Amino acid sequence: MTAPSPQGPHGSQGPHGSQGPPTPRGGRTQEEIRRGNLGALLRHVHLNGPVSRSALAGRMGLNRSTIMALTAELTAAGLVREELPADTRRAGRPSLVVRPESGRVYVLAFDVRVDRLVAARVGLGGVILDRREAVRRRRADADLDDVVGVLAEFGRELRREADPGSVCAGVGAAYCGMIRPADGTVRYGPYMGWVDQAFGDELAAGLGLPVSVGNEAHLGALAEHERGAGVGFDNLVYLHGDVGVGGGIIVGGRLLGGDGGYGCELGHMVINPYDGRPCMCGSRGCLEAEVGEHALIDAAGRSGELTGREGVRAVVAAAGHGDEAAAEALRRIGDWLGIGVANLINLFNPGLVIFGGMLRDVYPGSAEHVRRRVEANVLLISRERVRLRVSALGDDATLIGAAELAFSPLMAGPLEALAHLR
């Protein structure tokens with residue numbers, strides 16, 4: 001089972017395919033051009049929502065008759081529908097609006113977090129139609145069977161409750177660890193005790209469907225880039241906090257994956273090598289060791305009392321109510337976080353740094369200290385335009401990223417993918 005790339009194809013400019021034998025054009029046959037244009041049009045509608053034919057023609061560089069032919073094929077396949085715009089008072093013939101068929105075509109998306117298991121049925125267009133959640137019972141334990149059992153049952157429930165005649169176009173899962181892209185094996189999950197666990201294959205067997213698996217922070221970065229705070233930014237860094245810290249980097253509009261798909265382990269960037277806190281990876285002073293859940297709760301003097309996301313939020317709330325120990329903990333975390341962010345900005349010159357997961361809660365109270373480090377430690381030219389923001393998708397960023405992973409084959413070849421499913 002080969003996991004498709006989270007990046008969908010970019011539509012090629014050219015005419016809709018004609019009848020008769022295909023002819024080469026720019027190294028591609030007319031059939032290949034047509035297939036690429038179908039995927040590109042569907043992707044526009046999927047990511048941007050209802051859009052007029054005339055707007056699609058402008059965005060794709062195609063004439064209106066070609067757009068009409070493409071939308072007709074996608075409509076016949078049940079992927080989109082066309083309707084009159086809400087405002088028809090303008091002079092001239094109105095351009096039909098193309099909408100995704102969210103209720104008819106969906107994917108299953110799963111998000112395995114340290115403390116929670118989340119499943120959703122996500123319709124074409126990125127609409128969450130239904131969801132399930134459960135507490136993950138065990139931390140730091142190889143609980144593969146438990147996790148797969150819960151998710152597989154959620155998946156079966158979500159499919160049973162889907163509209164009659166609807167089609168499941170794929171399954172995607174986000175996991176908080178290092179994932180082998182080829183088969184969804186979790187090579188290493190330091191806080192969960194998972195080493196070389198066949199998560200993708202086991203979940204596929206439980207569901208009776210192929211499953212694509214990705215690292216949660218990688219998928220969160222893609223989701224924010226395509227649907228969240230990162231829309232319009234082709235170069236960004238996404239930092240995702242859970243117990244530790246993960247990361248995803250978008251360069252030139254594409255995810256930086258690394259040689260084996262294990263790139264962007266930003267949480268294991270060493271920022272305090274001499275007297276740093278021990279990290280679960282075996283090193284000391286890693287970013288996640290200095291800014292993660294345990295670091296914050298320990299610095300606030302609440303270790304043994306608080307844990308998990310609710311513990312993090314309790315410290316943040318206490319700081320907001322004048323608790324000096326909690327406020328000092330946020331200052332300390334903000335300083336170390338700022339050092340990490342400064343390093344990343346100097347290295348990658350992003351236009352945007354996004355704080356997601358647990359860091360979405362922590363950043364507002366630490367923002368001043370992060371910015372001070374950026375001012376002090378980032379090259380002037382690199383910090384001129386960079387922006388710092390919290391995730392726009394909130395806790396659903398990684399779940400939505402898993403859904404986009406599942407939609408990838410459909411975006412690459414809509415009609416072929418549907419034919420395979422049916």
Side-chain angles (χ1 to χ4, degrees), residues 8-19 30-31 33-107 109 120-131 161-170 223 226-228 231-232 392-393 396 400 403-404 406-419 421-422:
H10 294 285
S12 164
Q13 295 187 8
H16 186 64
S18 62
Q19 298 297 319
Q30 289 186 355
E31 176 59 25
I33 292 169
R34 167 186 159 275
R35 190 161 52 243
N37 284 335
L38 283 168
L41 192 154
L42 182 61
R43 188 169 180 79
H44 274 294
V45 176
H46 173 61
L47 290 178
N48 302 312
V51 59
S52 69
R53 280 186 189 172
S54 58
L56 285 168
R59 293 176 188 179
M60 296 178 64
L62 301 173
N63 61 49
R64 292 194 181 191
S65 63
T66 300
I67 293 295
M68 181 173 66
L70 293 169
T71 55
E73 285 200 71
L74 294 175
T75 299
L79 292 166
V80 303
R81 69 179 186 274
E82 295 182 286
E83 56 191 37
L84 287 171
D87 184 3
T88 58
R89 294 172 295 176
R90 296 181 181 179
R93 184 177 180 183
S95 178
L96 291 177
V97 171
V98 184
R99 294 179 177 272
E101 283 283 17
S102 301
R104 295 183 62 181
V105 181
Y106 68 89
V107 297
R121 187 172 71 250
V122 182
L124 191 64
V127 181
I128 296 179
L129 303 170
D130 196 1
R131 68 190 296 152
E161 296 184 15
D163 292 341
S166 60
V167 177
C168 179
E226 294 176 340
R227 295 188 177 276
V231 170
L393 301 176
D396 281 339
I400 291 170
E404 293 305 320
F407 275 121
S408 293
L410 189 66
M411 300 299 122
L415 304 187
E416 294 77 11
L418 279 184
L421 293 167
R422 291 168 175 167

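The model shown is predicted, which means the values in this text are computed figures rather than measured ones.
- Within the model, atoms OG of Ser408 and CZ of Arg43 stand 7.0 Å from one another, a figure rounded to the nearest 0.5 Å.
- Residues Glu83 and Arg81 are paired through a salt bridge, judged by an N-O separation under 4.0 Å between the basic side chain and the carboxylate.
- In this structure the side chain of Arg121 reaches within 4.5 angstrom of the side chain of Leu129, judged on heavy atoms.
- Between Leu410 and Leu124 there is a side-chain heavy-atom pair separated by less than 4.5 Å.
- For Asn48, the side chain to side chain contact (heavy atoms under 4.5 Å, CB included) test picks out His44, Arg59, with sequence neighbours left out.
- In terms of heavy atoms, Ile400 sits closest to Ala223 at CG2-CB, 4.0 Å.
- The shortest non-hydrogen separation linking Ala169 to Leu421 is CA-CD1, 3.4 Å.
- Atom CG of Leu47 is separated from atom CD of Glu226 by 5.5 Å, given to the nearest 0.5 angstrom.
- The two atoms that bring Ala57 and Arg64 nearest to each other are CB-CG, 4.3 Å, heavy atoms only.
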List the steps, then state whether side chain to side chain contact (heavy atoms under 4.5 Å, CB included) holds for Ile128 with Asp396. CA-CA 10 Å; Ile128 296 179; Asp396 281 339; 3.8 Å; yes
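- Atoms CG and CG, from Leu62 and Leu41 in turn, are 8.5 Å apart once rounded to the nearest 0.5 Å.
- Glu73 CD to Asn37 CG: the interatomic distance, rounded to the nearest 0.5 Å, is 10.5 Å.
- Distance check, rounded to the nearest 0.5 Å: CG of Leu79 to CG of Leu38 gives 9.5 Å.
- Comment: Glu82 engages Arg53 in a salt bridge, judged by a side-chain N to carboxylate O separation of less than 4.0 angstrom.
- Considering only heavy atoms from C-beta on, Arg131 stays 4.5 Å or farther from Val122 through its side chain.
- When side chains are defined from C-beta on, Arg227 counts as touching His46, because their heavy atoms get closer than 4.5 Å.
- Side-chain atoms of Ser52 never come within 3.5 Å of backbone atoms of Val97 as a donor-acceptor pair (strictly under, hydrogens ignored).
- Nearest heavy atom pair, residue Pro50 against residue Arg99, reads CG-NH1, 3.0 Å.
- For the atom pair CG (Leu96) and OG (Ser54), the distance works out to 10.0 Å, reported to the nearest 0.5 Å.
- For the pair Leu74/Pro414, a side-chain contact is recorded, criterion being any heavy-atom separation below 4.5 Å from C-beta on.
- Taking each heavy atom of Pro100 and Gly49 in turn, the nearest pair found is CD-C, 4.5 Å.
- A donor-acceptor pair under 3.5 Å is absent between the side-chain atoms of Ser166 and the main chain of Ala162, judged by distance alone.
- The side-chain heavy atoms of Val167 and Arg104, taken from C-beta on, include no pair separated by under 4.5 Å.
- A donor-acceptor pair is defined here as one N or O able to donate and one able to accept, closer than 3.5 Å; such a pair exists between the side chain of Thr71 and the backbone of Ile67.
- Nearest heavy atom pair, residue Pro409 against residue Ala417, reads O-CB, 3.8 Å.
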